[in-house]
Amino acid sequence: NMGTISGIEVELVHRGRVKARKRVAKLGTREHRVILRVRRGVPPAGRYTVVARRAGKVLGRRALVVPAPRKERAVS
């Protein structure tokens, strides 16, 4: 084992409820990108917590702010 962890679940939590969950096969020291979708789309604007778990135990958590979508201006 070269410093990798397997069986990781990444959760997106909003107001104490899990809104999205993704299982990651292997995780090492390199940066990984995980796309968490809520109802097949971008999560609504607000404050979230990203939680990484293995066997139900929390490995780490980070705060995340999803900004409101920008309004498109009409071209005149």
Side-chain angles (χ1 to χ4, degrees):
N1 195 352
M2 298 293 290
T4 61
I5 300 175
S6 60
I8 302 294
E9 281 191 345
V10 179
E11 298 174 343
L12 185 67
V13 181
H14 181 65
R15 295 184 179 174
R17 294 180 184 261
V18 177
K19 295 292 186 176
R21 181 179 287 135
K22 191 81 159 200
R23 192 163 186 79
V24 179
K26 281 187 179 178
L27 196 61
T29 56
R30 246 184 28 179
E31 183 178 302
H32 281 67
R33 182 174 290 192
V34 177
I35 298 175
L36 298 169
R37 298 191 186 276
V38 177
R39 294 188 196 148
R40 296 181 158 190
V42 177
R47 294 180 182 169
Y48 293 85
T49 304
V50 177
V51 181
R53 295 180 184 269
R54 182 176 186 214
K57 297 188 179 188
V58 175
L59 299 176
R61 60 179 80 220
R62 294 286 183 269
L64 172 72
V65 176
V66 175
R70 286 189 260 162
K71 299 195 182 214
E72 302 218 5
R73 295 188 306 192
V75 177
S76 43

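Predicted model only: the values in this text are computed from it and were never measured.
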Please tabulate, for the side chains in residues 20-43, all donor-acceptor contacts under 3.5 angstrom to protein atoms that are two or more places apart in sequence or on a different chain.
residue: Arg21; atom: NE; partner: Glu11; partner atom: OE2; Å: 3.2
residue: Arg21; atom: NH2; partner: Glu11; partner atom: OE2; Å: 3.2
residue: Arg23; atom: NH1; partner: Glu9; partner atom: OE2; Å: 3.3
residue: His32; atom: ND1; partner: Arg30; partner atom: O; Å: 3.0

Cluster membership besides Val18, Ile/Leu/Val/Met/Phe/Trp/Tyr side chains within less than 4.5 angstrom, sorted by chain and number, is Val13, Val51, Val58

How long is the gap from CZ on Arg47 to CG on Leu64, to the nearest 0.5 Å?
12.0 Å

